[in-house]
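Below is one structure, written out as structure tokens; comments come after it.
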Amino acid sequence: MDNFIKEIRRTSRNDKQRSKLLISGMKAVLQERKEENRIKRWMRMYRDKKRLTRKFKP
């Protein structure tokens, strides 16, 4: 993940390589999330849901 971020920072915004890096990075993140065990996925989902309810609480 750190290499991905460093590589993105090195490329310019108009470079075609940047879009390919972003797509490959997102695929890697999604694959990592898919491979997580059920408890970690549930904790991440619960934490994100909790943040949203705090953010949009009237």
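The distance from atom NZ of K6 to atom CZ of R10, rounded to the nearest 0.5 Å, is 8.0 Å. Summarising the geometry, atom CZ belonging to R9 is positioned 10.5 Å from atom CZ belonging to R18; distances are rounded to the nearest 0.5 Å. Remark: K20 NZ to T11 OG1 distance equals 12.5 Å, nearest 0.5 Å.
Note on M43: it clusters hydrophobically with M45, by side-chain heavy-atom contacts below 4.5 Å among ILVMFWY residues. If you chain together hydrophobic residues whose side chains sit under 4.5 Å apart, V29 and I23 never meet in one group.
Every side-chain contact (heavy atoms from CB on, under 4.5 Å) that R47 has, sequence neighbours left out, goes to R44, R51.
Within a 6.0 Å radius of CG in L30, more than 12 heavy atoms belonging to other residues, nucleotides or ligands are found.
With a 4.5 Å cut-off on side-chain heavy atoms, R38 and R41 count as touching. Here the side chains of E7 and N3 are not in contact, with every heavy-atom distance at 4.5 Å or above. In this structure, K27 and Q31 have side chains that are not in contact, with every pair of non-hydrogen atoms separated by 4.5 Å or more.
Among residue pairs with one or both ends in residues 6-28, none qualify as ring-ring contact (aromatic ring centres under 6.0 Å, His included); sequence neighbours excluded.
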